[in-house]
Amino acid sequence: MPHHSRNRDQADQRLRATVDSLPTGRVATYGQIATEAGLPGRARRVGQLLANLETDSDLCWHRVLGAGGQISLPRERPAWHEQRARLLAEGVECDDRGRVDLERYGWRPDE
DNA sequence: CCGCTGACGTGCG
DNA sequence: CCGCACGCCAGCG
């Protein structure tokens, strides 16, 4: 197994772990997850990771939002509604346009 | 190597 | 507040 390939898996592992650390009822941005996992500036990579999740994955992908607190999926995709429903289900207010108040629900490490 | 695409982010008008 | 250009990074053909 090539070295760079291992690093990639390792990075993905850290990203997953970071997403995993999000408490119920709290949300974080893609960029925040990346930075927290030691990959500043790699927000798109977080998006890729989540986009490639298996449908049966346990990862709480719904707690990850775009900068500003918006659902980043295309509105027309079923997953958009799924994400909003999951957020509402755990008490996170999310308006009909998919926006969440980060001041209120944003996750900040160490609390 | 090139171009296209996407669950990103930021700056600007 | 919204759209848009641009920078960015990875994967794919």
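Proteins get letters first, then strands, A, B, ... in listed order; numbering begins at 1 in each. FYI, side chains are in, hydrogens and waters are out, and symmetry mates aren't considered; it's all heavy atoms of this structure.
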**Request:** I would like to know whether A/R63 and A/E90 meet salt bridge (charged side-chain N to carboxylate O under 4.0 Å, His left out); could you show each step before the answer?
**Result:** CA-CA 10 Å; A/R63 301 191 184 129; A/E90 60 183 48; 2.8 Å; yes
**Message:** Counting primed atoms plus P, OP1 and OP2 as sugar-phosphate and everything else as base, spell out the protein contacts along nucleotides 7-13 of chain B at 4.0 Å heavy-atom distance: B, S or - for each nucleotide, 5' to 3'.
**Reply:** BBSS---
**Prompt:** Okay, side chain of A/R42, backbone of A/A34: is any donor-acceptor separation there less than 3.5 Å?
**Reply:** no
**Request:** Could you tell me whether A/R75 contacts a base, only the sugar-phosphate backbone, or nothing, with contacts defined as non-hydrogen atoms closer than 4.0 Å?
**Result:** nothing
**Side-chain touch A/D101/A/E93, heavy atoms, less than 4.5 angstrom** = no
**Prompt:** Taking atom C1' of C/dC1 as reference, at what distance in whole Å does atom CD of A/Q70 sit?
**Reply:** 11 Å
**Message:** Whether the side chain of A/Q83 engages the backbone of A/V64 through a donor-acceptor N/O pair (distance < 3.5 Å, no angle test) should be reported.
**Reply:** yes
**Prompt:** Would a 4.5 Å heavy-atom cut-off, applied to side chains only, mark A/L59 and A/L50 as touching?
**Reply:** yes
**Asked** When the distance from CG of A/L15 to P of C/dC9 is rounded to whole Å, what number comes out?
**Response** 15 Å
